Structure formats: structure tokens, C-alpha cells
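A quick note: this is a predicted structure, and the numbers were derived from the prediction, not measured. A, B, ... follow the sequence lines: proteins, then strands. Residue 1 opens every chain.
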2 protein chains.
Amino acid sequence: MATPDTRTQILDAAERLFAEHGYRGTSVRAITTLAGANLAAVGYHFGSKAELMTAVVRRVVEPINAAQRAGLDALLARTSRPSVGELVEAFAGPLFDGMSAGGARTSRLIMTILSDPAEEARGWTGPAEEAVREEFFAAFARALPGVSPGELAFRMRGIVAVTAVDRLEVHQQSVPGCASPEQGAAARRWAVAFLTAAMSAPPPPA
Amino acid sequence: MATPDTRTQILDAAERLFAEHGYRGTSVRAITTLAGANLAAVGYHFGSKAELMTAVVRRVVEPINAAQRAGLDALLARTSRPSVGELVEAFAGPLFDGMSAGGARTSRLIMTILSDPAEEARGWTGPAEEAVREEFFAAFARALPGVSPGELAFRMRGIVAVTAVDRLEVHQQSVPGCASPEQGAAARRWAVAFLTAAMSAPPPPA
DNA sequence: GCTTGAATGAAACGAACGTTTGACTTAATC
DNA sequence: GATTAAGTCAAACGTTCGTTTCATTCAAGC
């Protein structure tokens with residue numbers, strides 16, 4: 001394999017280190033050292049550490065969003081009224097797979113986005129993510145006519161929370177490498193079953 | 001109110017700042033300034049910044065754990081086989097209330113514990129939390145005989161994830177102060193309904 | 001061959017960090 | 001009144017941080 005260019009190597013190193021140690025816990029020096037690049041390369045190729053983070057996040061989130069959109073489109077092409085289980089599968093599946101792909105690194109990266117209180121984190125996710133989420137929101141709303149918009153938003157946040165935190169803790173307790181693929185496949189089934197039942201719950205009396 | 005001692009004021013300031021800006025995003029100087037104390041007071045009263053964090057976390061987590069244990073004990077005193085809904089209420093309720101109490105600060109603090117990759121975070125929660133969680137685990141296992149231990153652990157992580165992330169985002173979008181209590185009470189009902197259905201889901205075929 | 005512009009390199013910038021020091025204040029004990 | 005210990009204070013410690021500067025390398029265009 002021809003050695004990739006410096007820019008890509010910095011992105012790879014940054015994705016790994018940001019996921020392992022968080023944004024503030026990762027120094028530009030650590031990134032460039034792991035990437036085998038010069039310290040000034042981050043400033044040259046990305047402008048600043050914060051802009052490097054947005055580039056890393058975009059590269060990770062984009063394929064997940066694309067898979068979610070493709071799944072929803074395929075679903076809507078087949079039937080105008082997908083079931084709750086089908087929607088959960090289409091929404092949570094790519095989230096789950098995307099997070100497993102990087103050996104739970106992606107999961108921690110998304111946790112970092114969700115939980116980092118820094119102002120920089122506000123611009124980490126692009127508008128594309130919101131667009132996809134709104135489409136799923138509309139589809140879920142049609143499938144769950146009794147659930148109010150506020151409660152539906154609550155439930156969709158729950159999907160992201162369950163997938164992110166689960167992959168996170170799996171990684172934490174099996175320290176050395178990735179979780180076993182068997183466990184990963186089982187967790188995916190668990191998540192879809194768990195979340196389908198949750199999304200289908202009758203809304204509580206006001 | 002007689003002004004509390006320096007130690008308590010540092011704990012209060014640290015709880016707020018750790019929740020707002022994360023562990024690494026909070027400097028000892030910012031804490032002591034907000035507390036109206038001297039910079040060296042942290043070293044004197046707690047030893048180090050990391051030990052201050054463990055003191056903050058323990059003060060926050062302990063009442064939640066106590067409420068969870070009390071709720072479970074009351075439940076088991078009434079019936080030897082509580083329902084899934086009762087167990088969810090006893091487990092997630094104190095989590096939810098504890099997180100709402102601090103104006104969603106606690107939620108962010110727990111997110112910090114869950115997601116912070118720093119080595120310091122390993123000792124942030126004490127053994128008491130694990131003990132309570134194991135008792136609930138056993139009670140849930142009796143109420144859900146068809147669910148394997150691995151899947152049950154997955155589902156219990158889901159409860160923590162849903163409560164923590166929800167309170168987190170409520171706080172994020174309503175920037176100025178606390179979420180409206182109406183919204184908080186509604187979200188609590190939403191969470192219990194959502195999670196009861198999720199916990200009661202039939203296990204997927206292997 | 002010379003020029004141009006992108007890319008990399010070594011070195012330093014000022015700022016902020018956690019921690020430590022040693023003197024000072026305060027209040028209780030003998 | 002001297003002694004002791006706890007607590008507070010200003011100041012500095014050495015380190016690490018993100019960023020910038022400027023010289024150098026190198027391949028393509030004329």
C-alpha cells in the first residue's frame with residue numbers, strides 16, 4: 001500500500017486519539033507523532049486543532065448518515081407505512097454498525113460529541129445529520145400516531161443513547177482489542193429488540 | 001446562612017464547573033476563583049485535582065444510590081416478585097430525579113463519568129454503586145426469566161444511557177436555566193413508559 | 001536552469017496548566 | 001505569653017499546551 005498522504009495520516013491518528021482520550025485529552029503533538037508528521041502539519045492542513053476535530057467527525061458521521069438515509073429510502077420505496085421495527089432497524093442499524101466498525105472507537109467519538117461541553121463541539125456535526133433525523137422523525141410519527149412530538153423526540157434520543165453507551169461499555173470492559181464479533185452481532189439483535197419495544201410503548205397518560 | 005467552610009465551597013464550585021466544562025476543561029484556578037478560595041486550597045483539602053473529582057462524584061452519586069436501594073427494599077418488602085414496571089420506576093426514578101435536581105448538572109456529571117476516557121475516571125464511582133446495580137440485576141432477572149444475563153446487562157446499561165442523555169440534551173437546548181418542571185415531569189413519565197416497554201421486550205431469537 | 005508554490009522541517013512563542021513552597025494569620029492549649 | 005496546629009495566602013515552580021515563524025525541500029511549469 002502506497003503510504004497515504006500526510007493529511008490522511010493525521011486524520012487517522014486524530015480519530016484514534018480523540019476517541020481514546022477525548023478532545024481535550026489529546027494533544028496536537030501526540031497526533032502528529034502518531035501520524036509520523038511534523039507538529040506544524042496540523043496547522044497547515046486543517047488550520048487548528050478544533051477544525052481538525054470537525055474534519056474527523058465529519059468523516060466518521062457521514063457514512064453512517066448515508067446508510068441511514070439509504071435504508072429509509074429503501075423502506076419507503078417498498079411501503080408507504082413502514083413498521084416501527086423496520087424503522088428502528090433502519091435508524092439504529094447503521095448507527096450500531098458504524099460504531100462497531102472502528103472497534104468501538106466511533107462509539108466513543110460520538111459520546112465525545114454528545115457529552116463534550118466545549119463550545120467547539122457545537123459545530124462538530126453538520127446539517128446533514130439533522131436532515132436525516134428529521135426524515136426518520138416524520139416516518140416514526142406516521143407509524144406512532146398516538147405519540148406526541150415531544151415524546152417522540154425523547155424516544156429518538158433514547159435510540160442514540162442506547163447504541164452509543166452500549167458500544168462504549170463493551171469496549172471498556174474488554175480492554176485489549178475489539179469485542180468478539182459474536183458479542184457484537186448479539187448486541188445488535190438485543191438493541192433492535194430492546195428499542196423496537198421501547199419505541200412501540202403506549203404513551204403514558206398525561 | 002453562615003458561610004460554609006472552604007472545603008464545601010470548593011466542592012460546590014467544582015461540581016458546577018466539572019459538570020459545565022468537563023474534567024479536563026476545568027482548571028483548579030477556575031474552581032478556587034468561583035469558590036472564593038485560594039489556589040492552594042485544593043491541594044490542601046483534597047490532595048490533587050483528581051482526588052477532588054472523586055470527592056465531587058461521590059457526593060453526587062451517593063444519594064442516588066441510597067434512593068435506589070431504598071426503593072428496591074420497599075418494593076421487595078411489599079412483594080417478593082415486583083413487576084418490571086415497578087423495578088424500572090425504582091431504578092430509573094432516582095437516577096432521573098437526581099439528575100434533574102441539580103438543574104441537569106448531575107446529568108452532565110454522570111455523562112462525564114461514563115464517557116471520560118481518562119484513567120482517573122476509573123475510580124470515580126465507588127463499590128456501592130455496583131452493589132446496588134447487582135441487586136437490581138437479580139430482581140430484574142427474576143422478573144424476566146427469558147432474558148439471558150448478557151442481554152439483561154445490556155438492557156440495564158440502556159436505562160442509564162436513556163436517562164443520562166435525555167437530561168443532557170434537555171439542558172443543552174434550553175440554554176439559560178433549568179428545564180421547565182412541567183417538561184421534567186413529562187420526561188420522567190416518558191422515560192418510565194419507554195424503559196418499561198424496552199425491558200419487557202421479548203428476547204430476540206438467537 | 002530558473003521560478004513558483006505546495007509541503008515539510010526545526011525551533012520558538014506566550015499562555016495556561018497542576019502542583020509546591022514558605023511565610024503569615026488565627027485560635028485553641030498549656 | 002509561649003506553643004502548637006490548622007488554615008490561608010501570594011508567589012513561583014517546571015511542564016505542556018496550541019500556535020506561529022521562517023528556513024528548507026522538492027517536484028512541476030516555463
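Between B:Glu51 and B:Thr54, the side chains place no donor N or O within less than 3.5 Å of an acceptor N or O (distance only, hydrogens not considered). Side-chain contact check for A:Gln9 and A:Thr6: no donor-acceptor pair (N or O, by modelled atom type) lies under 3.5 Å.
Protein atom CG of A:Leu39 is 9 Å distant from nucleotide atom P of D:dG18, rounded to whole Å. Going from atom CZ of A:Phe46 over to atom C1' of D:dT19 covers 16 Å, rounded to whole Å. The distance between atom NE2 of B:His21 and atom C1' of C:dA16, rounded to the nearest whole Å, is 16 Å. To the nearest angstrom, P of D:dC17 lies 15 Å from CG of A:Leu52. In this entry the distance linking CZ of A:Phe18 with C1' of D:dG18 reads 12 Å, nearest Å. Atom CD1 of B:Ile10 is separated from atom P of C:dG18 by 13 Å (rounded to the nearest Å). Atom pair B:Tyr44:OH and D:dG7:P shows a separation of 4 Å (rounding to whole Å applied). Atom P of nucleotide C:dA27 and atom CG of B:Asp5 are separated by 15 Å, given to the nearest angstrom.
For A:Asn38, no side-chain nitrogen or oxygen approaches OP1 or OP2 of C:dA7 to under 4.0 Å. At least one side-chain nitrogen or oxygen of B:Thr6 sits closer than 4.0 Å to the OP1 or OP2 atom of D:dT8. Neither OP1 nor OP2 of C:dA6 sits under 4.0 Å from any side-chain N or O of A:His45.
The cationic atom of B:Lys49 (NZ for Lys, CZ for Arg) does not lie both less than 6.0 Å from the six-membered ring centre of B:Phe18 and within 45° of the ring axis.
Nucleic acid contact class of B:Ala40 (heavy atoms, under 4.0 Å, all strands): base. Using a 4.0 Å heavy-atom criterion, one finds that A:Thr32 contacts no nucleic acid atom at all.
Set against D:dA12, D:dT19, C:dC17, the side chain of B:Ser27 has C:dC17 as its closest nucleotide. Comparing C:dT19, D:dG18, D:dT21 by their nearest atom to the side chain of A:Arg29 picks out D:dG18.
Taken from CD1 in A:Ile10 to CG in A:Leu52, the straight-line distance is 7.5 Å, to the nearest 0.5 Å.
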inquiry  = With side chain to side chain contact (heavy atoms under 4.5 Å, CB included) as the criterion, how do A:Leu34 and A:Asp12 come out once you've worked through the C-alpha distance, each side chain's angles and the decisive distance to 0.1 Å?
reply    = CA-CA 9 Å; A:Leu34 180 62; A:Asp12 291 341; over 6 Å; no

